[in-house]
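The analysis underlying the following values was restricted to heavy atoms, covering all of them including side chains, and did not include hydrogens, waters or symmetry mates. Quick note on labels: first sequence line is chain A, next is B, and so on, each numbered from 1.
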Number of protein chains: 2
Amino acid sequence: MGVTIHDVARAAGVSVASASRALSGRRKVTPEIAERVARAAGELGYQPNAVAKALRDQTTGTIGMVVPGIGNPFFTTIVEAVERELQNSGTDLLLCSSQYSPEIEARRLETLLARRVDGLIISPCDIEASVPAVLDAARRVPLVQLDRHIEGGGADWVGVDDEAGLALAVDHVIAGGARSVVFAGSRLVSSSARLRLSGFERAAARTGVEVLPPLLGEFTLEWGVEAGRMLLDAGRLPDAVVCANDEIAVGLVRSLRFGGKRVPGDVAVVGFDDVGHATMCDPPLSTVRQPVEEMAAEAVRLLGQVKAGDPRPAQRIAIAPRLVVRQTSRPVAAGVAD
Amino acid sequence: MGVTIHDVARAAGVSVASASRALSGRRKVTPEIAERVARAAGELGYQPNAVAKALRDQTTGTIGMVVPGIGNPFFTTIVEAVERELQNSGTDLLLCSSQYSPEIEARRLETLLARRVDGLIISPCDIEASVPAVLDAARRVPLVQLDRHIEGGGADWVGVDDEAGLALAVDHVIAGGARSVVFAGSRLVSSSARLRLSGFERAAARTGVEVLPPLLGEFTLEWGVEAGRMLLDAGRLPDAVVCANDEIAVGLVRSLRFGGKRVPGDVAVVGFDDVGHATMCDPPLSTVRQPVEEMAAEAVRLLGQVKAGDPRPAQRIAIAPRLVVRQTSRPVAAGVAD
DNA sequence: GTGAAAGCGCTAACAG
DNA sequence: CTGTTAGCGCTTTCAC
């Protein structure tokens, strides 16, 4: 390490200013100088020091992204989408996981801010506990929330329209003949958990079918398995279960089938997300697909417009999801016996 | 943004040097100054600028990590393990995905180097095409390869002992009564793909059982499904199939069962990795567990010892894996009929 | 069109 | 123990 622009300038027999200009191409230099500088840089293996440039320019060309967990396929999918979106913008992504802990989240935000990222995309792990750190960060740098968000209107947000998504799922199973439904979701620590439950409840209430008490645990396959077991133990199965994400749904289907029930024969199951788990399921999972690419594109676009500590009211952009009907929710008559 | 140490110093009525010393605590100051500086910093919301510090110190407190893909659960698991390992060392991780492309990989390495990371942990996507970029990076900064590696001995490496792992799997299925075996793996673009195939072949040859031609595709569930279909179509099933990773194995089990075969009744299946997919499988997958935590710890430890462009011979640390027997490889006699 | 020099924010000599 | 100052590598005025 260690060949600087001074070395290049000296080797080319010009001033550092000229070397800088030649290298960046942002200002005119004689072709001859351009040529000499280019060759010198090549021969010495010059590589500009991004740290020095960042200090000088007061901009790092990086944005930070914080997600609750990198083990959850939904978050890795959305991270990849953001990465693709940033691909050719010359902006790099600094990725951090909060490991579902508001404390770690706050620490990660601090170090990202200390490293002077130009912006922040975050999916806050906790709707309440994440508030101070997110608001504080938003005051210092452009910030947009993606997927999850904190309560109150303190920061911009892009995500899926959970309400609409759950309505899609509920209406679908009811159209398939379900007379009783239950929701299998997560404890209400995140905005997603809350909005999906309330979306479910509202949609179900509208139709007037019987609604069993919701099963609330984690966004995991393990919890899905357990929720299935609870349903089995309860002795009476609803006609349909609507899940807060695909992992729960996959676990649920597995444990229902293990318990001797047919899906969709005895009970219809619908997931949420559609990020890969769904087709892995056996039988393939009906689910509500989040428009991940659009969400990522919208988040990046919005980030470009947000200003730090902007006093204008925060925007909330909810993108409509789409129902994807596969096998777990086929009406019995039409369905392949599982 | 923008309260600097000068502002703090002025507010506290001391010099920047004293402010710096008080803040860092690395040198003695009078309690009174310490107190005044601390209060000023608190009131102004001072946050040190890591960019300036990095330029000054010629060290950033970050290490870069490049993995082939963040969608693959094995890589996210190992990333999390490295993160945990770095947790309290004050070192931050800059994570990048090469998306299985040597070109993108080279670009990511460039920007990581430009950002002056203090070290690099990489799982090179291609055993041949990744060579120049990895070697070049290793010349500039301490680097260790984790899991995958490039050919030749140009850079240190920590990973699992593939040879031993495959021997474990092969011996296990043969002990269970298998008289014919086949390997389902990936095309030979990565070291893992090559070593697992050769490990399989060596172990199988040693035992003298019949070995069918290997099935080589991708490290994905989809390829596993297809490989299963190919086996089915071939008309004659081997007694056991040993897979290069769990995703392939899960897909294979699914398609074998879909084709009316019993696992493990008609054919035993063993995976590789054991990072979560295995227990999701139905029936639970027998597999070879990679000691991910140890690998991560060892990689971080080794990185601390490596020097850039060190002329000493590169180290290769292969950690022994462990066989985890679940349901897909139970001997027929003992097995639960699937 | 080119070069000299200032300055981004910080820390570590170096004097006092 | 404290303050002044140089300098990390870069870009961009500001003069010429």
Sole candidate of B/Arg312, B/Arg316, B/Lys307 that passes salt bridge (Lys or Arg N to Asp or Glu O under 4.0 Å) when paired with B/Asp156: B/Arg312
Could you give the [atom1]-to-[atom2] distance, from [X] to [N], as a whole number of Å?
X        : N      : atom1 : atom2 : result
B/Arg26  : C/dC10 : CZ    : C1'   : 13 Å
A/Leu55  : C/dC10 : CG    : P     : 9 Å
B/Arg116 : C/dC10 : CZ    : C1'   : 18 Å
B/Gln58  : C/dG9  : CD    : P     : 18 Å
A/Arg56  : C/dA6  : CZ    : C1'   : 9 Å
B/Gln47  : C/dC10 : CD    : P     : 10 Å

Checking the side chain of [X] only, and the main-chain atoms of [Y] only, is there a donor and an acceptor separated by less than 3.5 Å?
X        : Y        : value
A/Arg116 : B/Ala52  : no
A/Asn72  : A/Gly69  : no
A/Gln145 : A/Ala155 : yes
B/Asp118 : B/Gly61  : yes
A/Arg84  : A/Ala297 : no
A/Glu105 : A/Tyr100 : no
A/Ser123 : A/Leu146 : yes
B/Ser130 : B/Ile127 : no

Between C/dT2, C/dC10, C/dG9, spot the one nearest the side chain of A/Thr30, thanks. C/dT2
Which distance, rounded to the nearest 0.5 Å, do you find between the CG of A/Leu112 and the CE of A/Met65? 11.5 Å
Which nucleotide of DNA chain D is the first, and which the last, in the 5' to 3' direction, to come under 4.0 Å of a heavy atom belonging to chain B? D/dC1 to D/dG9
Relative to the 5' end of DNA chain D, which residue comes earlier, B/Asp57 or B/Ile33, by the nucleotide with the nearest heavy atom? B/Ile33
How close do A/Ile78 and A/Met295 get, counting heavy atoms only, and between which atoms? CD1-CE, 3.7 Å
Output yes when at least one side-chain N/O atom of B/Thr4 is less than 4.0 Å from OP1 or OP2 of C/dG9, else no. no
Identify, residue by residue, the members of residues 5-19 of chain B with a heavy atom below 4.0 Å from DNA chain C, and return them in order of residue number, or none. B/Ile5, B/Ala17
Taking five pairs at each end, how big is the angle between the two axes of the helix from C/dG1-D/dC16 to C/dG16-D/dC1, to 10°? 50°
More 5' along DNA chain C: B/Ala52 or B/Arg27, using each one's nearest nucleotide? B/Ala52
